[in-house]
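Lettering of chains follows the sequences in order, A, B, ..., and the numbering in each one begins at 1. As the structure is a prediction and not an experimental result, all values here were calculated from the model. Hydrogens, waters and symmetry mates play no part in the numbers below; they use all other heavy atoms, side chains included.
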Protein chains: 2
Amino acid sequence: MSDLVTALRARGMRLTAQRRRIVAALGRLGHATPDGVAAEVARDGEAAVAASTIYRGLEALEELGIVAHTHLDRRAPTYHLAGHADHIHLVCVGCGVVDEVPVASASSFVGAIAASRGFRADISHLAVHGRCAGCEGHS
Amino acid sequence: MSDLVTALRARGMRLTAQRRRIVAALGRLGHATPDGVAAEVARDGEAAVAASTIYRGLEALEELGIVAHTHLDRRAPTYHLAGHADHIHLVCVGCGVVDEVPVASASSFVGAIAASRGFRADISHLAVHGRCAGCEGHS
DNA sequence: TTGAATGCAAAAAATTTGCATATTG
DNA sequence: CAATATGCAAATTTTTTGCATTCAA
């Protein structure tokens with residue numbers, strides 16, 4: 001039985017076709033806003049899924065640690081599969097480009113706050129803003 | 001002449017009473033959503049400021065580097081004075097508590113991505129999610 | 001069977017936009 | 001004066017809610 005099913009059942013939750021499609025859509029997209037997920041889910045052949053179901057589904061899956069979200073820009077939250085979150089996002093405020101670096105880059109930082117505050121950081125969906133090499137150059 | 005005026009003028013922008021009040025409100029609040037800023041601005045005696053002015057004002061001030069924003073929760077963005085941003089937020093997904101640690105905690109991380117990608121990270125408004133000591137304990 | 005989940009449609013929030021008017025520089 | 005900002009109100013966009021119905025376990 002899949003991890004997804006196991007995780008859901010452990011909390012008395014159910015694996016519905018819609019939730020499966022949401023997960024599949026995120027797998028295909030990588031990152032997406034709730035709206036984007038809805039659009040992708042609609043493109044998989046079956047009937048469209050109600051917006052409220054998308055929101056509730058993402059929330060449920062996030063609680064289970066199946067998906068996570070981050071804010072790449074000021075507007076909508078961006079969701080992705082937690083398993084796919086093996087990188088940190090570097091968002092350039094100059095040109096909007098989003099680069100990625102391994103989570104290991106921040107291991108010392110994570111270790112420091114764990115030691116000083118007992119805080120266990122989940123940087124699997126961390127977005128760091130700043131300026132990329134290009135934009136920093138012709139600043 | 002204040003930095004605020006200088007920064008604004010350098011871009012042909014103007015220092016209006018409303019912008020001054022927005023900055024003052026943020027100074028009093030520390031962190032606040034656009035809505036929160038509007039409420040605080042309204043409490044300072046003068047007439048209320050239109051919501052659109054709050055949004056446009058925050059955007060303008062952010063471009064100038066006077067204020068910055070971060071996302072403490074999934075919903076609204078949280079603004080603060082850039083000068084007040086001398087810390088990183090640790091947001092507990094378990095209980096919602098927001099702790100702060102000095103930006104120096106992440107200096108090696110910042111240095112690493114600067115070296116490897118030439119990316120100059122601005123962690124003055126970084127929010128790291130995870131679980132605080134308390135929530136991690138009785139997990 | 002039974003409670004969790006969905007669809008739908010309406011309600012709330014949160015932002016944005018157009019434009020005439022007021023203000024700053 | 002000229003160009004930038006504001007106020008207002010309407011239009012969008014995004015997210016949430018209530019409830020009858022469906023469906024997974």
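- Note that CD1 of A:Ile113 and CD1 of A:Ile123 are 8.5 Å apart. Values are rounded to the nearest 0.5 Å.
- Distance, A:Leu64 CG to C:dA4 P: 14 Å, rounded to whole Å.
- C:dG3 atom C1' lies 15 Å from atom CG of A:Leu8, rounded to whole Å.
- Between B:Arg11 atom CZ and D:dA5 atom P the separation is 11 Å, expressed in whole Å.
- Centroid-to-centroid, the aromatic rings of B:His31 and B:His87 come within less than 6.0 Å.
- Listed pair B:Thr53 / D:dA5 fails the phosphate criterion, with no side-chain N or O lying under 4.0 Å from OP1 or OP2.
- For the pair B:Thr78 and B:His89, the minimum side-chain heavy-atom distance is 4.5 Å or more.
- Checked for salt-bridge contact, A:Glu40 and A:Arg43 meet the test: a charged N lies under 4.0 Å from a carboxylate O.
- For B:Gln18 and C:dT23, the shortest distance from a side-chain N or O to OP1 or OP2 is not below 4.0 Å.
- If you measure from atom CG of B:Leu58 to atom P of D:dT6, you get 11 Å, rounded to the nearest angstrom.
- Contacts of A:Gly12 with the nucleic acid, taken as non-hydrogen atoms under 4.0 Å apart, involve only primed sugar atoms and P, OP1 or OP2.
- With rounding to whole Å, B:Glu63 atom CD is found 14 Å from D:dT4 atom C1'.
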What nitrogen or oxygen pairs link the protein and nucleotides 11-15 of chain D at under 3.5 Å?
residue : atom : partner : partner atom : Å
D:dT15  : OP2  : A:Tyr55 : OH           : 2.3
D:dT15  : O5'  : A:Tyr55 : OH           : 3.1

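- Using a 4.5 Å cut-off on side-chain heavy atoms (C-beta onward), A:His69 and A:Leu58 make no contact.
- The shortest distance between side-chain heavy atoms of B:Val93 and B:Arg131 falls below 4.5 Å.
- Atoms CD (B:Glu59) and C1' (D:dT4) sit 14 Å apart, rounded to a whole Å.
- If you take CG of A:Leu61 and C1' of C:dA5, they are 12 Å apart, rounded to a whole angstrom.
- Across the protein-nucleic acid pair, B:Glu62 atom CD and C:dT15 atom P stand 12 Å apart, rounded to whole Å.
- Separating the CG atom in B:Leu61 from the CZ atom in B:Arg20 is a distance of 12.0 Å, to the nearest 0.5 Å.
- Hydrophobic cluster membership of A:Val97, counting Ile, Leu, Val, Met, Phe, Trp and Tyr whose side-chain heavy atoms lie under 4.5 Å apart directly or via other members: none, as it forms a cluster of its own.
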Quick one: what's the B/S/- string for nucleotides 18-25 of chain D, heavy-atom cutoff under 4.0 Å, read 5' to 3'? B-----BS
Please test B:Val110 against A:Val128 for side chain to side chain contact (heavy atoms under 4.5 Å, CB included), starting from the C-alpha separation and ending with a verdict. CA-CA 10 Å; B:Val110 173; A:Val128 179; over 6 Å; no
